[in-house]
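Written below as structure tokens is the structure these notes are about.
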Amino acid sequence: MSRFEASHVGSEEHPTIADISECLFFSPGDGRIWLQDQRMVLLHTEALGSLRRELIDSLGQEKARGLFTRAGYVSGARDAQLVREQWPEAEPAAAAMAGTRLHALEGLVKVELVHARYDPETSDYEGEFIWHHSSEDDEHIAAYGIGGSPACWMQVGYATGYVSTLFGRLVVFREVTCRSMGESHCRVIGKSAERWDDVEEDMRYLRAREFVGAPPHSGAAPQAAELPTPPRNSDAMVGASSAFNAACHLLHRVAPTTATVLFTGESGVGKEKFASMLHSIGQRRDKPFVAVNCAAIPETLIESELFGVERGAYTGAGAARPGRFERAHGGTLFLDEIGTLSYAAQGKLLRTLQEGEVERVGGTRSIKVDTRVIAATNVDLRQAVREGRFRDDLFFRLNVFPIHLPPLRERRDDVPLLMSHFLQHYVRKHGRQPTGFTQAAVKALLNYDYPGNIRELQNLIERAVILAPEGSLLEVHHLFTSGETLDKNVLSVRPDGHLAGAARALPSQPAAASPAMPDRAGSGALRQMEESLIRRALEQCGGNISAAARVLGVTRPQLAYRARKRGITS
């Protein structure tokens with residue numbers, strides 16, 4: 001894949017604005033609009049402007065800016081995924097310019113390229129653009145007039161999300177001039193994160209967790225110094241997806257209370273990190289945070305570990321010892337994998353939660369404890385109750401405020417941010433100097449299912465940082481070396497080592513080109529085979545596009561787009 005440098009818009013490389021426009025489908029009869037296979041809506045800019053004013057007036061400008069920046073990031077990340085799926089063979093220059101055309105197609109802004117440069121050998125990016133007719137500026141100026149700071153928050157988030165997802169490393173965009181500041185147009189500059197002197201100010205608006213510790217709005221916008229300092233270790237909570245933001249919002253709501261919280265989700269989604277953050281932004285932050293993995297303690301010792309033991313209670317108990325509840329007095333006790341507790345231990349835990357006191361093993365008196373309990377499980381406790389493996393009364397005592405943490409495959413918008421975060425962390429930790437990810441590695445990481453969730457992504461990147469030669473890009477074979485299963489229907493490796501969209505075929509037919517594969521990826525014979533597959537599928541399904549799409553293994557909008565481009569009617 002070659003390095004690209006561009007200045008001004010002088011060529012219509014694939015995908016062109018016409019190609020992108022053909023990805024837009026309207027179905028007014030059933031109230032749906034698609035951009036490829038993504039559901040879209042038409043919304044009055046005045047309605048969005050009204051929402052913007054209410055958020056600024058009620059939450060303050062800092063929080064409102066964060067909300068709009070993260071929403072824009074998700075939109076840009078989704079559009080980058082669309083371009084990758086629709087044109088898997090597009091060169092970096094064409095794929096990057098597709099984002100500017102999508103931005104315009106969606107009615108947000110007209111984008112003029114000043115210059116852009118991307119070097120795949122170092123994964124380094126730099127670009128400068130002029131924005132005309134920003135809809136975001138129109139509404140901000142109408143509400144607040146000309147001010148002293150840029151206001152295209154959602155569009156900056158979009159650019160950051162699009163390019164970061166496209167190239168698989170954090171690329172930060174900044175708006176240096178804006179119509180909301182009295183300028184005739186807006187000017188933005190994007191660079192690979194490490195090329196900026198400091199990106200913490202930019203990242204504050206991408207991290208929902210930066211705002212979970214802020215107090216409820218009291219009429220004045222919070223100052224930057226009042227927000228928590230972002231951690232620089234591998235345990236940092238990083239994300240911009242709607243699922244991540246929703247969990248952070250619930251965290252903020254329950255943090256000031258003493259309510260018991262139950263985190264649910266698969267192994268590796270970050271339940272202990274969320275529990276630690278909950279403690280750190282709550283009223284008990286200055287008191288102990290004690291974490292215990294219930295599955296790691298033998299059943300014969302779990303009671304003494306939780307509730308303590310008196311001297312002489314059993315052989316080897318030469319001294320009295322407080323349990324985890326007493327050690328967490330005044331603070332927080334985090335019980336991970338609580339579903340593994342024995343039935344007897346569950347009964348004693350229930351009594352402690354109800355009475356606020358513990359009785360040590362071998363003891364004869366009760367000890368008062370003031371401990372907030374946070375529990376976590378990767379199993380379905382309701383099902384465990386139905387099967388008689390978990391006490392229903394304890395379940396309802398724990399399930400006061402449940403927070404579900406989704407698996408990483410359901411928050412893919414966060415993957416580019418996590419990739420960049422873990423890469424920087426392990427570069428510092430191991431003293432290595434990789435320059436980024438190859439495009440093949442980016443596509444592999446964006447499409448992998450992550451059965452081990454964030455923990456697995458973290459391990460993959462640490463492994464690759466150690467294996468890759470010094471000063472080189474991280475390749476697929478540096479990442480996936482331990483039997484991980486890549487989806488061959490999404491990923492295939494070309495002879496040059498880069499990934500391409502794998503072919504799909506009709507049942508009992510040999511593998512052939514996917515209807516979603518771009519024209520430039522194949523010869524005339526390949527295009528004829530694609531057309532033949534489409535016609536055969538439509539005939540087999542009686543002209544039903546949806547059924548034919550299922551047969552071919554693509555989405556309905558993808559098939560409709562390819563059929564229309566080939567002049568095929570159903």
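In what follows, every heavy atom counts, from backbone to side chain, and hydrogens, waters and symmetry copies are set aside. All values reported here derive from a predicted model rather than from experimental measurement.
Here the side chain of Asp414 pairs a donor or acceptor atom with the backbone of Ser241 at under 3.5 angstrom. Between the side chain of Glu200 and the backbone N or O of Asp198, no donor-acceptor pair lies under 3.5 Å. Proximity of a side-chain donor or acceptor of Thr377 to a complementary backbone N or O of Val379 within less than 3.5 Å is detected. Remark: the backbone N or O of Ala295 is paired with a side-chain donor or acceptor of Asn293 at under 3.5 angstrom. Not one N or O on the side chain of Ser164 forms a donor-acceptor pair closer than 3.5 Å with the backbone of Gly161. Judged by distance alone, with hydrogens and angles left aside, the side-chain atoms of Lys271 form no donor-acceptor pair with the main-chain N or O of His404 at under 3.5 Å. For the pair Arg412 (side chain) and Leu446 (backbone), a donor-acceptor distance under 3.5 Å is present.
A cation-pi contact links Arg174 to Trp196, judged by a cut-off of 6.0 Å to the six-membered ring centre and 45° from its axis. Within the cation-pi definition used here (under 6.0 Å to the ring centroid, within 45° of the axis), Arg52 qualifies as a partner of Trp153.
Once rounded to the nearest 0.5 Å, the distance linking SG of Cys152 with CG of Leu108 reads 10.0 Å. Rounded to the nearest 0.5 angstrom, Leu278 CG and Ile403 CD1 are separated by 6.5 Å. Taking CG of Leu405 as the reference point, atom CG of Asn453 lies at 10.0 Å (rounded to 0.5 Å). For the atom pair CG of Leu473 and OG1 of Thr122, the computed distance is 7.0 Å after rounding to the nearest 0.5 Å.
A salt bridge is absent between Arg84 and Asp79: the closest approach of a Lys/Arg side-chain nitrogen to an acidic carboxylate oxygen does not fall below 4.0 angstrom. The residues Arg409 and Glu456 are annotated as not salt-bridged, no charged nitrogen and carboxylate oxygen being separated by less than 4.0 angstrom. Between Asp124 and Arg117 there is a salt bridge, since a side-chain N of the basic residue sits under 4.0 Å from a carboxylate O of the acidic one. For the pair Glu62 and Arg65, the salt-bridge criterion is not met [side-chain N within less than 4.0 Å of a carboxylate O]. One finds no salt bridge joining Arg187 and Glu175 here, because no Lys/Arg side-chain nitrogen approaches an Asp/Glu carboxylate oxygen to under 4.0 Å.
Residues Pro434 and Ser472 fail the side-chain proximity criterion, which asks for heavy atoms closer than 4.5 Å. Here the side chains of Ile130 and Val111 are not in contact, with every heavy-atom distance at 4.5 Å or above. Within the 4.5 Å cutoff, no side-chain heavy atoms of Val292 are placed close to those of Asp336. Within the 4.5 Å cutoff, no side-chain heavy atoms of Ile189 are placed close to those of Phe173.
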Checking side chain to side chain contact (heavy atoms under 4.5 Å, CB included) for the pair Phe129/Val114: CA distance, chi angles, key distance, verdict?
CA-CA 5 Å; Phe129 302 86; Val114 178; 5.6 Å; no
Under the criterion side chain to side chain contact (heavy atoms under 4.5 Å, CB included), I'd like the reasoning laid out for Trp87 against Leu82: C-alpha separation, chi angles, the key distance, then a yes or no.
CA-CA 8 Å; Trp87 297 282; Leu82 181 154; 4.2 Å; yes
Please evaluate residues Asn459 and Phe422 with respect to the criterion side chain to side chain contact (heavy atoms under 4.5 Å, CB included), reporting the C-alpha separation (whole Å), side-chain torsions for both, the decisive distance (0.1 Å), and the verdict.
CA-CA 9 Å; Asn459 293 344; Phe422 289 136; over 6 Å; no
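Within the 6.0 Å centre-distance limit, the rings of Tyr448 and Phe480 are counted as a close aromatic pair. Here Phe167 and Tyr118 bring their ring centres to under 6.0 angstrom of each other.
Side-chain N/O atoms of Ser134 and Gln155 include a donor and acceptor closer than 3.5 Å. One side chain, Arg455 or Ser267, offers a donor N or O that lies under 3.5 Å from an acceptor on the other. A side-chain N or O of Gln424 and one of Ser420 form a donor-acceptor pair less than 3.5 Å apart. Between His430 and Glu462, the side chains place a donor N or O and an acceptor N or O closer than 3.5 Å (distance only, hydrogens not considered). Between the side chains of Gln458 and Tyr426, at least one donor N or O sits under 3.5 Å from an acceptor N or O. Side chain to side chain, Asn378 and Glu266 fail the donor-acceptor criterion of an N or O pair below 3.5 Å.
A tilted orientation is assigned to the rings of Phe289 and His279, their planes being inclined by 30° to 60°.
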